[in-house]
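Everything on this sheet refers to the single structure shown next.
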Amino acid sequence: MPKPSAGEPATAGADPHQQPIAGLRGVGPAVAAKLAARGLVTLQDLWLHLPRQYEDRTRLVPIRALQPGVAAQVEGVVEAVERGFRYRPLLRVAIGDDSRATLVLRFFHFRSQQVNQFRVGARVRVYGTPRPGQHGLEIVHPSYRVMEDGEGGALGDALDPVYPAIEGVGPAALRRLVAQALDRLPPDDRLELLPPELLAQRGLPSLRDALLTLHRPPRDADLAALLAGTHPAQRRLALEELLAHHLSLRRQRIALQAHAAPVLDDDGGRVRQLLDALPFALTDAQRRVFDAIRADLAQPRPMLRLVQGDVGSGKTVVAAMAALLAIGGGRQAALMAPTELLAEQHLATLRGWLEPLGVRVAWLAGKVGGRARTAVLADAASGAAQLVVGTHALMQDGVVFRELALAIVDEQHRFGVHQRLALRDKGAAEGVVPHQLVMTATPIPRTLAMAAYADLDVSAIDELPPGRTPVQTVVLSAERRPELIERIRAACAEGRQAYWVCTLIDESDEVVAQAAQTTWEQLTAALPGLRVGFVHGRMKAGDKQATMLAFKRGEVDLLVATTVIEVGVDVPNASLMIIENAERLGLSQLHQLRGRVGRGSAASSCVLLYQAPLSQMARERLETMRQTSDGFVIAEKDLALRGPGELLGTRQTGLADFRIADLARDADLLPEVHRIGEALVHALPTVADRLVARWIGGAARYAAA
Ligand code: ADP
Ligand code: MG
């Protein structure tokens, strides 16, 4: 029999996994539709519909040995039956066994036929989770079977699977369907795509064995590992799934590289002029990242580069230099930011830097309407606007560029892949696509970045500009709030400024929180000598901007704000930040907020106020914040605490769509995945294609990336 490693598997094109579920017994159009609604269409979908739990019916537990909360199977003889109506029908059946203990089975809805089954003296086999009841342990609505007289009652040798429920298909029917599908599981030589020696080296089972183990674990299987998702059978599936995703991203990458992009190698001397005009010198990290971008842009292939840089690392100036390369060639660049506040700040910064160099910077946001809008659109279309800064509005229909050569997306994690692509498509014409530069201040753990961004080049600005002093972080109970008033007064007396961040805006919010409005009023009253400003997300954009500008100019001492200030706001003179209800925020968000201080040379501090009592997770988060200011450490911790979905935003990558793999749990497989992926595409390209088809589907979901 040919080994898959010896060449390509023989059955390409006729993969058994593609057979429809509709061919199984008991699957009519109605059931097929219910299954399809949950994405179960082919036999393979059923194979991969893994149990979420197992029931151990391979052994009998003596009633005396039952433990509350621990599911078990027991067998006993009916000792008493009580049927009553108190407020509702009730059936209680007491059973006993050789361990001379009694277990009560309790039913609230039942048929009289059921009552009749429970004759005193009948033998019953029961599975369920016992709880303490009025008369010792009881099980409510157990699954049970009244045994025939003289029946031996053999025990199974595999654990029973409990599948994730599917609406309209009962659990028993679902179990039968999966069992049928498993009966049609082909032998390994037709199913396996991974080279056997690769699996052997790592002590991993074949695909067939792994699936059988997971659906029907032998009675001695490591149940704890199965429930934790760390059993070798699960690791093996996770490895294959991650590999398939990796290969798919690689493929997109290659597809993207097949397009042409404008060569941007002439900045007309403007980068030099900008650097000469800046009040600071670039850090080595900024220089290194810009060099990489410059090299990319000089190629006739589209750049797709993610620049990661902690808050305050200076990504904006790197983006500005990249834009100058696009503009220098007579073309255009666009910069999109996720919030209006952030986009406006970029506009101000970039106008300040680039207009002196003769660059025309235009502004487009949702609120730009009427004649102003017509003018921006005309300038974008004619090319008169060399750099267009804006929000989501940039992606709308009707926005046309003469020749967009570089699309820059700031705070990429706030956008979805589709939005990034929508901006890119503004510049696509006749096989030529613009270069893309995406920037994020949410440091993504390396492992995760490798999985999520296999289609991007990643570079990191891993150094902060000199002269920044680390922010000292303290964690305080909200009871100590009054002490902070003094602290603010002292900071402002030295000419510094402070932020007070509230996590909620509306007093009527049910959660116990300091409403920002009230806080603002209280602080204004408590600090008579200070100018206290207030910004929140529901304000008119103009008012918000006016207050922010006043703060930036030093005309406001203390800024009370909701988390709208999270991204991008840059006021180096602010040296104190107080975050209320800090326990409610995730690590990345806290890190972002804290990054608003420590941007100047003054020693800065951040006070995290919490409302007691703290949950274990909240305690860990605050402790992490206190201990480190390293964005990457924080991101790793965040990943461990919360999982990747929230960290990346599920919209972004489809990472939440993994069937088996879990990036937090299986992150250690990723380096391996990369090595295997590399080897496969060269040695066994057809296998690579089939892996992608198996896990992601023939019509690649991200075909357009
Ligand atoms: P982020 O990476 O968070 O977007 P910014 O681009 O907003 O950071 O930069 C933060 C602040 O640091 C800005 O005031 C910016 O002008 C300043 N800055 C950037 N690069 C340097 C540098 N090399 N030296 C000193 N200050 C810098
Ligand atoms: Mg920024």
Side-chain angles (χ1 to χ4, degrees), residues 261-262 264 268 270 316 319-320 322-412 414-416 418-430 432-439 535 537-549 564 567-568:
L264 308 177
R270 290 193 184 86
T316 318
L324 287 176
L325 281 163
I327 293 161
R331 299 185 179 86
Q332 293 164 289
L335 188 156
M336 180 166 77
T339 66
E340 203 159 289
L341 194 62
L342 184 52
E344 279 171 353
Q345 186 176 285
H346 279 318
L347 178 74
T349 305
L350 292 167
R351 280 198 166 141
W353 286 339
L354 303 185
E355 283 183 348
L357 310 180
V359 173
R360 275 196 56 192
V361 183
W363 166 242
L364 185 60
K367 70 166 186 221
V368 176
R371 238 186 290 160
R373 186 180 173 81
T374 315
V376 186
L377 294 183
D379 285 353
S382 71
Q386 293 164 294
L387 171 61
V388 185
V389 177
T391 58
H392 298 77
L394 283 176
M395 300 179 301
Q396 287 162 0
D397 290 344
V399 181
V400 179
F401 291 85
R402 188 172 68 82
E403 195 175 1
L404 181 65
L406 174 65
I408 306 170
V409 179
D410 193 20
E411 302 302 345
Q412 140 94 357
R414 296 293 187 92
F415 292 105
H418 300 295
Q419 292 169 310
R420 160 161 69 81
L421 295 176
L423 182 58
R424 183 200 73 180
D425 289 344
K426 293 286 176 196
E430 293 159 31
V432 180
V433 301
H435 300 279
Q436 296 178 76
L437 176 63
V438 295
M439 307 193 290
V535 282
R538 296 191 198 155
M539 263 164 106
K540 283 212 195 84
D543 296 344
K544 202 160 62 187
Q545 194 191 10
T547 309
M548 288 308 304
L549 269 179
V564 294
V567 282

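On a predicted model such as this, the values are computed, not experimentally measured, just so you know. Keep in mind that the numbers below use all heavy atoms, side chains included, and drop hydrogens, waters and symmetry copies.
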Seminar exercise, completed: Residues passing the side-chain hydrogen bond (donor to acceptor under 3.5 Å, both in side chains) test with His435, sequence neighbours excluded, are none

Exercise. Looking at residues at least two apart in the chain, or sitting in another chain, which of them share a side-chain hydrogen bond (donor to acceptor under 3.5 Å, both in side chains) with Arg402?
Worked result: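 Arg402: no side-chain hydrogen bond (donor to acceptor under 3.5 Å, both in side chains) contacts found.
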
Which residues share a side-chain contact (heavy atoms from CB on, under 4.5 Å) with [X], sequence neighbours left out:
X	value
Val432	Ala260, Pro262
Ala385	Ala362, Asp379, Val388
Glu355	Arg351, Val361

Separation between [atom1] of [X] and [atom2] of [Y], rounded to the nearest 0.5 Å:
X	Y	atom1	atom2	answer
Gln345	Leu549	CD	CG	9.0 Å
Met336	Asp410	CE	CG	10.0 Å
Gln386	Leu354	CD	CG	9.5 Å
Leu324	Trp353	CG	CH2	10.5 Å
Leu406	Leu264	CG	CG	7.0 Å
Ile327	Leu357	CD1	CG	9.5 Å

Problem set entry | Pairs involving residues 388-397, ordered by first then second residue, that meet salt bridge (Lys or Arg N to Asp or Glu O under 4.0 Å) (sequence neighbours left out) |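 Those involving residues 388-397 do not exist here.
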
Which pair of non-hydrogen atoms, one from [X] and one from [Y], has the smallest distance, and what is that distance?
X	Y	value
Gln332	Ala380	NE2-O, 2.9 Å
Leu404	Ala334	CD1-N, 3.6 Å
Leu437	Ala319	CD2-CA, 4.2 Å

For this session: Indicate yes or no: at least one non-hydrogen side-chain atom of Leu350 is less than 4.5 angstrom from one of Leu387.
Result: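 Counting from C-beta outward, Leu350 and Leu387 do come under 4.5 Å.
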
For this session: List for me each residue that meets salt bridge (charged side-chain N to carboxylate O under 4.0 Å, His left out) alongside Arg331, sequence neighbours excluded, and say none if there are none.
Result: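 In terms of salt bridge (charged side-chain N to carboxylate O under 4.0 Å, His left out), with neighbours along the sequence ignored, Arg331 is linked to Glu403.
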
Name each donor-acceptor pair under 3.5 Å that joins a side chain in residues 364-378 to protein atoms two or more places apart or in another chain, with its distance.
unit_1: Lys367; atom_1: NZ; unit_2: Glu340; atom_2: OE2; d: 3.2
unit_1: Lys367; atom_1: NZ; unit_2: Glu344; atom_2: OE2; d: 2.7
unit_1: Arg373; atom_1: NH2; unit_2: Gln396; atom_2: OE1; d: 3.1
unit_1: Thr374; atom_1: OG1; unit_2: Gly370; atom_2: O; d: 2.9

